[in-house]
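Notes follow the structure.
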Amino acid sequence: EGKVLDGLIREFSSELSGMLANGLPEGYDKDIAASSFSPDGVYGSFREALLYTFFTGTFCLYASAAWIARSLVARFGKRGVRPFRVAYFSVEPFFFFPLVIGMCGAIANRFSPSPVLSAVSWNLVLSSGFFFALQGMGILSVTLAWLRARKGVPMALLIVGIVVICLVGWVYLIGLLLVAGVVELFVPLRARMLNKDAVDPTPGSGGENQ
């Protein structure tokens, strides 16, 4: 089964390589295209993407099915189930450890390359990072609501700003969301925006920080 799957990936890579090379505009350096879109290069990139995202992709499929099921039950079911809202999502602190371990493994792979270490490390980083990025989306959602309510910023302007950021550098946006999710493990960002008079749950002296 593994050989059959590998053969399918190679066949797909060869066809995709030809499509990419033939779709290049006139005047493009064919030597660069040959090195960038060679069948072996496309095969290697596609194979690495599958290995690095295997666990993450499987979990995203499961999470999507769970979200759809919860939405249907909340809409049509008889039980009192609320639909999932990203604004209230908080990741379990436990996922901070596989994120750090995966990042350390990815860094170690730079000095001592290993296909197994690389695949395991990136699966840990992407899987645990998914939760923190989702929490970052919750922080972004609360921040947008806070800007509308407290600062009077028009929603249309906020949407345009997010669209521009996504077009210019969506990778950086995901990175910032992930960082915000990690930061909220130690600093209650949403709690501060929603209620400044509440006791600060940030760990500190006696747990009574204001």
Side-chain angles (χ1 to χ4, degrees), residues 1-2 4-6 8-9 12-13 16 45-103 106 119-149 153-185 188-191 193-194:
E1 293 178 354
V4 173
L5 178 61
D6 188 71
L8 291 175
I9 295 175
F12 172 78
S13 301
L16 182 61
S45 300
F46 192 72
R47 187 172 180 273
E48 286 185 353
L50 287 178
L51 288 175
Y52 292 169
T53 61
F54 175 77
F55 185 79
T56 309
T58 304
F59 173 78
C60 287
L61 290 174
Y62 170 80
S64 300
W67 174 73
I68 293 172
R70 186 180 182 89
S71 301
L72 291 174
V73 172
R75 179 67 177 83
F76 302 106
K78 297 181 180 180
R79 294 183 298 173
V81 177
R82 295 182 178 180
F84 173 78
R85 293 190 62 185
V86 70
Y88 301 134
F89 177 78
S90 294
V91 67
E92 291 291 335
F94 164 78
F95 286 97
F96 178 74
F97 298 102
L99 178 66
V100 173
I101 293 173
M103 293 178 66
V120 172
S121 299
W122 279 108
N123 272 281
L124 285 175
V125 170
L126 295 175
S127 300
S128 54
F130 171 83
F131 293 100
F132 289 103
L134 192 61
Q135 180 164 327
M137 290 179 63
I139 298 172
L140 178 61
S141 176
V142 173
T143 302
L144 294 177
W146 180 79
L147 289 173
R148 289 186 62 195
V153 180
M155 188 61 183
L157 182 60
L158 295 174
I159 294 176
V160 171
I162 294 176
V163 170
V164 171
I165 294 175
C166 290
L167 293 176
V168 173
W170 58 271
V171 175
Y172 299 104
L173 177 62
I174 294 177
L176 290 175
L177 292 178
L178 191 152
V179 171
V182 173
V183 169
E184 199 175 46
L185 288 178
L189 302 176
R190 284 177 288 187
M193 283 187 288
L194 295 175

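In this text the structure is predicted, and so the values were computed from the model without any measurement.
Taking the side-chain contact (heavy atoms from CB on, under 4.5 Å) definition, one finds that V100 meets it with F96, C104, sequence neighbours left out. Not counting sequence neighbours, S71 has no partner by the side chain to side chain donor-acceptor pair (under 3.5 Å) test. Looking at residues two or more places apart in sequence or on another chain, you find a side-chain contact (heavy atoms from CB on, under 4.5 Å) between A74 and P83.
Closest heavy-atom contact between F132 and S128: CD1-O, 3.2 Å.
Listed by first then second residue, pairs satisfying side chain to side chain donor-acceptor pair (under 3.5 Å) with a partner in residues 131-141 read Q135-E184, not counting sequence neighbours. Counting only residues at least two apart or on different chains, the side chain to side chain donor-acceptor pair (under 3.5 Å) pairs with a member in residues 48-57 are Y52-S118, T56-S127.
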Practice prompt. Mind running side chain to side chain contact (heavy atoms under 4.5 Å, CB included) on L50 and I9 for me, showing each step along the way?
Written response: CA-CA 10 Å; L50 287 178; I9 295 175; 3.7 Å; yes
Practice prompt. For F12 and F46, run ring pair (Phe, Tyr, Trp, His ring centres under 6.0 Å): C-alpha distance rounded to whole Å, both residues' side-chain angles, the deciding distance at 0.1 Å, then the answer.
Written response: CA-CA 10 Å; F12 172 78; F46 192 72; 5.2 Å; yes
Worksheet item: Is there a side chain to side chain donor-acceptor pair (under 3.5 Å) between R190 and T143 once you walk through the steps?
Response: CA-CA 8 Å; R190 284 177 288 187; T143 302; over 6 Å; no
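Other residues, nucleotides and ligands contribute more than 12 heavy atoms inside 6.0 Å of the CZ atom of F84. For F59, the CZ atom counts as densely surrounded, since its 6.0 Å shell holds more than 12 non-hydrogen atoms of other residues, nucleotides or ligands. Other residues, nucleotides and ligands contribute more than 12 heavy atoms inside 6.0 Å of the CZ atom of F89.
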Just distance, no hydrogens or angles: give the donor-acceptor pairs under 3.5 Å from side chains in residues 62-70, sequence neighbours left out.
unit_1: S64; atom_1: OG; unit_2: C60; atom_2: O; d: 2.8
unit_1: R70; atom_1: NE; unit_2: R82; atom_2: O; d: 2.8
unit_1: R70; atom_1: NH2; unit_2: R82; atom_2: O; d: 3.1

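Here the options are L140, I139, V182, L134, the test is side chain to side chain contact (heavy atoms under 4.5 Å, CB included), and the partner is L177; only L140 passes.
The CD atom of E92 sits 10.0 Å away from the CG atom of L185 when rounded to the nearest 0.5 Å.
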